[in-house]
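Convention: sequence-line order gives letters A, B, ...; per-chain numbering from 1. Here the structure is a predicted model, which means the values were calculated and not measured.
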Amino acid sequence: MTSTDTAADGVASFPAAGERACTIQTTVNGVRVERALDPRMTLVEFLREDLELTGTKVSCGLQVCGVCTVLVDDQPVSSCTYLAADVDGRAVRTVEGLAREGALNGLQRSFAEEFALQCGFCTPGFLMMATALLERDPDPTEETIREYLDGNFCRCTGYQPIVAAVRRAAARKAGEAGGEPS
Amino acid sequence: MSGTRETAGRSVQRPDFMAKLTGAAQYTVDIGMPGMAHAKILRSDRAHARIVSIDRTAALDAPGVVGVITAADLGGLFPRFGHIVPDHSILAEEKVRYYGEPVAIVVAQSAWAAADALELVRVTYADLPDVLDVAAALAPHAPLVHEHTYGGTADESFRVLTGAEQERASSNLAHEVVLEWGDPDAALAGAATVHTTSVTFPMLYAYAMEPYNAVASYTGDLHVISTAQHPFMVRDDLARVFGLPLSKVRVTSPFVGGGYGSKSYTKVEPLAAIASWAVGRPVKLVLDVEESIYTTRVDSAEVTMTTGVDSSGRILARVADMVMDSGAYADNSPLVLAKAVNRCFGPYRVPNLRVRGRSVYTNTSPASSYRGFGAPQGNLAGETNLDQIAERIGMDPKEIRLRNVVGPGEELLPGKRGLDADLAADLEMLVDSLRGARSEDPHTGIGFGMSVSDAGAFPVSTAQVRVHVDGSVTALSGSTEMGQGSRSVLGQIVAEELGVEHSRVTVLQSDTGTTPYERTTGASRTTVLVGLAIQRACADARAKLREMAAELLGTPIEAITDVAGGVRTDEGKELGFADIVRGWFGSNAGEVTGVGLVRRDGVTQKMPPFWEVGVSGVEVRVDVETGVVDVEQLVTVADVGFAINPAAVEAQDLGAATQGLGAALFEELVYDGAQLANANVVDYRVPRMSDVPRRIDLMLAERGDGIGPYGAKGSGEGALNPIGAATLAAVARAVGRWPDRLPLTPERVWRLSCEVAPSQPAHTAPDYDGSTADAISDGTQT
Ligand code: FES
Ligand code: FES
């Protein structure tokens with residue numbers, strides 16, 4: 001990261017709102033991106049406003065509801081409170097990166113089959129959190145799913161269909177690995 | 001129900017899922033307009049105060065600021081909105097009525113610049129005495145939230161529904177409804193047992209995850225894209241503000257990130273619209289969650305219900321009094337109140353009745369519609385009271401309900417549609433499931449209840465279907481897709497009626513500029529009323545296509561009958577829709593439009609269009625050490641007549657019941673002085689994944705008894721309505737004492753279990769059974 005501002009300059013030279021005082025290099029859904037941005041900018045602002053990746057949503061803005069979850073170097077983070085400057089040199093994955101060539105991936109298909117969404121506003125966050133879970137634990141128990149996804153809110157579904165979707169996705173993956181048709 | 005149906009009745013995958021799963025779905029918050037500026041709202045930091053002056057000089061000089069708008073700038077506009085009482089100032093005029101009320105709009109190049117400049121607007125207030133709760137508001141000589149009345153009721157049909165009277169400016173009473181028949185006082189005097197229950201229903205926030213937001217462009221005519229559930233109602237309010245013909249006001253609702261009633265009627269649209277009008281550019285306004293809570297909350301209620309029964313448990317009379325805290329502006333609270341009044345006494349035969357309901361203005365954030373529409377508030381009192389009376393006379397809570405429940409076809413409200421449901425059968429299904437899976441743990445309890453709601457709202461609905469030259473179909477409806485799945489269900493009806501594949505049908509919705517009129521998306525009406533309009537539009541398209549086919553083939557029209565995707569002649573010649581459209585227009589061009597209209601006529605003459613049923617129950621386990629309540633089991637019965645998409649119906653019921661559990665166990669907005677102590681979703685706790693019941697049984701009861709397509713009735717609210725009382729009763733049976741308010745937080749439940757006197761053993765029977773169990777101690781007066 002480069003910055004035009006240095007500690008020695010003190011408060012007086014703190015960049016004005018909107019001044020793109022630092023430059024980052026990152027990879028977003030496999031695409032390399034280099035941008036100058038305001039160091040105050042959050043990751044979700046960078047994704048939604050600069051890159052027009054509006055799939056990632058904001059609700060609470062306080063790091064509690066999980067709708068803004070994206071993966072930074074495979075770790076789930078709340079992009080509403082994560083500074084965009086901090087993805088410098090890292091790889092970001094968002095909901096837009098899940099489908100391959102227009103086809104839903106196994107997790108997305110499982111969400112559809114289990115009716116694990118209604119309004120869909122929480123869905124990008126759940127998909128990214130569940131992606132992180134399944135990458136760590138390809139066969140999570142119901143308890144593990146509930147624990148891992150407890151920080152993601154959904155007001156529409158009553159959650160059980162989401163639990164079922166994650167289990168179905170795990171089973172589907174196991175089936176694919178075992179050579180069975182999914 | 002019918003094996004002959006191709007698409008209706010199947011859990012087909014919803015067509016909106018693809019966009020929602022890939023991040024491609026557009027919500028209002030994702031939409032911009034060229035040249036757009038951004039608005040932030042300066043809000044009142046006190047509950048009740050006169051605005052002495054507003055100094056915006058410094059703000060106007062701040063970098064990036066385009067304009068600062070106050071009520072003083074609205075000359076020539078109608079500065080208020082409100083579909084029942086037009087009392088709601090867009091920006092506070094002369095005085096502020098609640099903490100959080102919009103006072104000024106700052107418009108700037110970026111949302112950041114607008115937020116920074118907000119702090120530079122200086123408002124000088126002179127404090128006024130305030131009324132922060134209903135007791136203060138109703139006290140003699142209380143300060144008035146509104147000193148004067150407002151012009152005529154804006155919504156004609158509201159008068160038809162409730163006989164609304166105008167408010168008086170002599171008090172803080174926003175609205176009063178009295179419903180009465182028979183002689184309840186005499187009947188109570190002659191009753192074998194009379195029992196009174198008082199309960200408090202908490203102040204809630206619906207928390208749709210997409211906060212209120214809108215983008216508006218005023219260029220002589222007005223286009224607003226917003227999170228509105230009812231874009232046509234919002235259009236009417238905006239047309240009045242600007243004095244524009246309806247044709248010049250376009251309100252578009254793309255995908256809505258949750259509504260649950262909280263996005264019905266006008267919210268932030270006038271703010272964005274006047275900002276655009278003032279600065280001459282499109283303006284976007286996005287609220288955060290705290291601002292959204294201060295925009296619309298749910299009416300809290302204090303309800304007292306008295307019931308008299310004879311020695312066999314038959315209800316002789318019910319008398320209820322309810323007071324709702326409706327906040328600083330009426331919004332939809334008068335209607336919520338009217339509904340709470342006629343929903344509080346339950347689906348029972350009540351030969352003598354008197355319910356008095358009052359909606360009260362206070363200096364708190366304005367309340368309006370919420371899923372269930374008054375039913376959750378009223379049902380809590382009615383069902384709890386019935387459970388307690390059953391216990392007093394030693395009767396099974398299922399039995400007392402069966403003894404009094406209104407039967408199919410029977411009238412519940414004088415002059416209204418007879419009940420189009422078999423509640424006794426539903427209740428048997430529910431209780432069998434609940435008791436069948438009963439745990440033996442002494443610290444568990446079950447509770448269940450029923451509700452019926454006069455649903456569907458006023459039956460005005462229109463729809464169009466366009467049959468294209470390739471035989472595919474586009475259906476147009478003004479109804480909003482906010483998660484409930486109407487896009488799928490309406491498409492399934494089109495597919496069924498025209499005999500085309502569901503995948504070849506597209507449904508476009510909720511744009512007052514391009515889709516036909518729809519009164520509202522609420523009261524669980526879409527499947528029934530829009531469904532009927534869609535069916536009629538399909539029939540109209542088919543009639544036109546038959547005529548065209550007759551002309552093309554030179555056959556008499558009588559010789560032509562409908563088949564899937566086309567027509568057939570007496571001689572067996574078949575023409576598909578594509579052949580007809582192409583042949584009639586004489587080229588590979590053209591389309592045929594069918595129109596469907598629904599009004600108060602025919603099957604929708606009698607009000608309500610249908611009764612929405614709620615039959616739900618829970619089993620809870622209470623940790624007596626901590627007071628934590630776990631929901632072990634949730635059971636719902638969806639009495640929907642016919643489920644056009646069964647998986648979608650179950651999804652609605654689980655979602656609704658889960659919201660009900662939120663209000664029952666966790667959710668409550670708490671005022672600490674002028675402002676809320678928990679206007680965020682850290683402190684306002686909503687249900688999480690770990691709260692989900694371990695056992696869930698969602699049942700369907702399909703008896704084809706609705707007036708909607710294929711016998712359908714609506715759903716989406718019903719399962720929520722009885723959850724409060726069911727949970728309260730279950731906790732009472734687990735701890736041996738009746739709570740008198742929701743939510744049942746660990747602290748409240750722990751205190752409750754500590755209050756059980758040592759001489760009075762905690763109730764230990766796993767289920768209430770009057771013949772063996774001790775009565776649960778009951779703090780209420782009898
Ligand atoms: S919006 Fe980021 S956690 Fe809620
Ligand atoms: S699907 Fe609406 S919030 Fe989860």
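In this structure, B/Lys263 and B/Gly257 approach most closely via the heavy-atom pair NZ-O, 3.3 Å.
Using cut-offs of 30° and 60° for the angle between ring planes, the B/Phe255 and B/Tyr27 rings count as tilted.
Residue contact with chain A, scored on non-hydrogen atoms closer than 4.5 Å, is absent for B/Asp653. At a 4.5 Å heavy-atom cutoff, B/Asp288 makes no contact with chain A through either its backbone or its side chain. Contact annotation for A/Thr157: only backbone heavy atoms (N, CA, C, O) come within less than 4.5 Å of a heavy atom of chain B. Using a 4.5 Å cut-off between heavy atoms, B/Pro211 contacts chain A through its side chain alone, with no backbone atom that close. For a residue to count as touching a neighbouring chain, one of its non-hydrogen atoms must lie under 4.5 Å from one of that chain's; by this rule B/Ser110 does not touch chain A. In this structure, the portion of A/Leu127 lying under 4.5 Å from any heavy atom of chain B is its side chain and not its backbone. Neither the backbone nor the side chain of A/Gln63 comes within contact range of chain B; no heavy atom of the residue lies under 4.5 Å from a heavy atom of that chain. No part of B/Gln26 comes within reach of chain A, as not one of its non-hydrogen atoms sits under 4.5 angstrom from that chain. Contact of A/Met41 with chain B is made through backbone and side chain together, with heavy-atom distances under 4.5 Å. Contact of B/Arg694 with chain A is made through backbone and side chain together, with heavy-atom distances under 4.5 Å. Only the side chain of A/Arg48 comes within less than 4.5 Å of a heavy atom of chain B; its backbone N, CA, C and O stay farther away.
Remark: A/Asp139 does not engage A/Arg167 in a salt bridge, criterion side-chain N to carboxylate O under 4.0 Å. Between B/Glu481 and B/Arg14 a salt bridge is recorded (basic side-chain N to carboxylate O distance below 4.0 Å). Ionic pairing of A/Arg168 and A/Glu113 is present here: one or more N-O contacts between side-chain nitrogen and carboxylate oxygen are shorter than 4.0 angstrom.
Contact annotation: the side chain of A/Phe153 approaches that of B/Val686 to within less than 4.5 Å [non-hydrogen atoms, C-beta and beyond].
Put simply, of B/Pro693, B/Ala656, B/Ala647, the one with the most heavy-atom pairs under 4.5 Å next to chain A is B/Ala647. Counting heavy-atom pairs closer than 4.5 Å to chain B, the top-ranked of the candidates A/Ala112, A/Pro124, A/Gly55 is A/Ala112. Of all the listed residues (B/Thr658, B/Asp691, B/Val289, B/Leu21), the one sharing the greatest number of non-hydrogen pairs under 4.5 Å with chain A is B/Leu21. Your options are B/Pro63, B/Ala206, B/Ala24, and the one with the most heavy-atom pairs under 4.5 Å with chain A is B/Ala206. Chain A forms more heavy-atom pairs under 4.5 Å with one residue of B/Val692, B/Val681, B/Ile696 than with any other, namely B/Val692. For the set A/Pro161, A/Cys156, A/Cys60, the count of heavy-atom pairs under 4.5 angstrom toward chain B peaks at A/Cys156. Of the listed residues B/Gln484, B/Gln659, B/Met209, B/Gln13, the one with more heavy-atom pairs under 4.5 angstrom with chain A than any other is B/Met209.
Under the side-chain contact (heavy atoms from CB on, under 4.5 Å) test applied with A/Glu34, the options A/Thr23, A/Thr26, A/Ile24, A/Asp88 reduce to a single match, A/Thr23.
More than 12 heavy atoms of other residues, nucleotides or ligands lie within 6.0 Å of CD in A/Glu142, so this atom counts as buried by the packing criterion. For CD of A/Glu135, the number of neighbouring non-hydrogen atoms (other residues, nucleotides, ligands) closer than 6.0 Å is greater than 12.
A side-chain donor-acceptor contact under 3.5 Å links B/Asn645 and B/Gln492.
In this structure, B/Arg685 is positioned above the aromatic face of B/Phe666, its NZ or CZ under 6.0 Å from the six-membered ring centre and within 45° of the axis.
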